[in-house]
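Written out below as structure tokens is the structure these notes cover.
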Amino acid sequence: MMTITQQLAAIKIIPVIAIDRAEDIVPLGKALFDNGLPAAEITFRSDAAVNAIRLLRESQPEMLIGAGTILNIEQAIAAKEAGATFVVSPGFNPKTVKACQEIGIYIIPGVNNPSAIEAAIEMGLTTLKFFPAEASGGINMVKSLLGPYSQIQFMPTGGITSKNIKQYLAIDRVLACGGTWMVDKTMINEGRWDEIGRLAREASDLIK
């Protein structure tokens, strides 16, 4: 059985999804899975998130499913109960991290500076989200931060596109990247599953 970090490293691109209607996750999940992206981070930016995670877990049991934008313990519990394997937070909140460790769900908190990285290491975390990646200095900042902290690995998210993802993934200890370009909210709301599938296939081919 692969660990979560091994699964992330194998998949490399994690589609970050904001969804308005939970039922849309079923055709969306199929479009991603069938086209080489068997992962999803469903963000808690809408009320549909919990149901969407549950429906995706039922319809695509093989997928690696995470919950994003987790800001508190209540959301972490809801995500775990719905079937998420891991949770991702935009920042580093020790209370949320501790709660996730207590309920037994893997958390990847967001960091973009040395102080937050050291606080995360202190709590036993080594896989961290670098967020917001491009706005925080991008590739140069990732390299600079990885230098002094040999025990950590990053999942950059925020401003990652088909044009820059290969440069991020070429950095040693960048496990995977979160991206939204293949799961644009307008495309989801309009049900453009073939287009999403095509973009997912292109993304998957990019990293081969």
Side-chain angles (χ1 to χ4, degrees), residues 2 4-43 45-46 48-49 52-53 55-57 59-69 84-86 88 90 108 110 127 129-143 153-208:
M2 281 164 66
I4 290 166
T5 50
Q6 285 169 334
Q7 290 177 69
L8 290 168
I11 297 164
K12 287 190 170 50
I13 300 179
I14 311 302
V16 179
I17 299 162
I19 201 153
D20 290 330
R21 296 181 302 261
E23 61 270 21
D24 285 344
I25 202 68
V26 176
L28 175 57
K30 183 170 172 24
L32 294 173
F33 191 87
D34 290 354
N35 288 286
L37 291 185
E41 177 190 320
I42 297 169
T43 63
R45 293 186 186 192
S46 81
I53 290 168
L55 287 170
L56 186 59
R57 177 55 70 212
S59 60
Q60 297 290 347
E62 311 269 296
M63 251 175 138
L64 178 63
I65 303 170
T69 325
T85 310
F86 67 100
V88 183
I108 305 173
T127 300
K129 167 178 164 171
F130 178 66
F131 178 82
E134 281 290 283
S136 299
I139 285 158
N140 286 340
M141 190 64 161
V142 168
K143 289 177 178 175
Q153 44 201 0
F154 274 152
M155 180 171 80
T157 305
I160 310 285
T161 68
S162 58
K163 293 181 174 59
N164 61 16
I165 189 164
K166 285 179 87 164
Q167 293 167 278
Y168 276 96
L169 290 171
I171 302 168
D172 189 35
R173 289 188 287 127
V174 167
L175 264 190
C177 290
T180 58
W181 78 89
M182 77 300 286
V183 284
D184 177 78
K185 202 171 179 181
T186 305
M187 290 195 296
I188 295 171
N189 288 339
E190 292 174 1
R192 285 147 58 188
W193 314 123
D194 289 348
E195 195 175 337
I196 288 169
R198 179 180 59 75
L199 289 169
R201 173 57 59 195
E202 284 173 7
S204 168
D205 288 348
L206 255 186
I207 52 166
K208 280 182 180 154

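- Shown here are the side chain to side chain contact (heavy atoms under 4.5 Å, CB included) partners of T43, two or more places apart in sequence or in another chain: V16, A18, E41, R45, T69.
- Remark: F154 engages F130 in a ring-ring contact (aromatic ring centres under 6.0 Å, His included) (not counting sequence neighbours).
- In this structure, CD on E62 lies 8.5 Å from CD on Q60, to the nearest 0.5 angstrom.
- The two residues G36 and R201 make their nearest non-hydrogen contact at N-NH2, 3.7 Å.
- When the side chain to side chain contact (heavy atoms under 4.5 Å, CB included) test is applied to R57, the partners found at least two apart in sequence or on another chain are I65, T85.
- Between the CG atom of L56 and the CD1 atom of I17 there is a distance of 7.0 Å, given to the nearest 0.5 Å.
- Atom OG in S204 sits 12.5 Å away from atom CG in L199 (nearest 0.5 Å).
- Atom CD of residue Q7 and atom CG of residue L64 lie 5.0 Å apart, to the nearest 0.5 angstrom.
- Listed by chain and number, the residues in a side chain to side chain contact (heavy atoms under 4.5 Å, CB included) with D172 amount to none (sequence neighbours excluded).
- Applying the side-chain hydrogen bond (donor to acceptor under 3.5 Å, both in side chains) test to Q153 and every residue at least two apart in sequence or in another chain returns T127.
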Contacts table for residues 159-170: side-chain donor-acceptor under 3.5 angstrom, sequence neighbours left out:
from : atom 1 : to   : atom 2 : distance (Å)
T161 : OG1    : K163 : N      : 3.1
T161 : OG1    : N164 : N      : 3.4
N164 : OD1    : T161 : N      : 2.8
N164 : ND2    : G159 : O      : 3.1
Y168 : OH     : E134 : OE2    : 2.4

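- With sequence neighbours left out, the salt bridge (charged side-chain N to carboxylate O under 4.0 Å, His left out) criterion links E190 to R192.
- Nearest heavy atoms, L37 versus A203: CD1-CB, 4.2 Å.
- With sequence neighbours left out, the side-chain hydrogen bond (donor to acceptor under 3.5 Å, both in side chains) criterion links S136 to N112.
- Put simply, the side chain of M182 does not reach to within 4.5 Å of the side chain of N35, judged on heavy atoms.
- Here the closest non-hydrogen pair linking A10 and M2 is CB-CE, 3.8 Å.
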Solution key, residues 20-32 side-chain donor-acceptor pairs under 3.5 Å, sequence neighbours excluded:
from : atom 1 : to   : atom 2 : distance (Å)
D20  : OD1    : K185 : NZ     : 3.2
D20  : OD2    : N189 : ND2    : 3.2
R21  : NE     : D24  : OD2    : 3.0
R21  : NH2    : D24  : OD2    : 2.8
R21  : NH2    : N189 : O      : 3.0
K30  : NZ     : D34  : OD2    : 2.5

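- S46 places a side-chain N or O within 3.5 Å of a backbone atom of I19 that can act as its donor or acceptor partner.
- Separating the CG atom in D194 from the CE atom in M187 is a distance of 11.5 Å, to the nearest 0.5 Å.
- Residues I14 and V88 form no side-chain contact, since every pair of their non-hydrogen atoms from C-beta on lies 4.5 Å or further apart.
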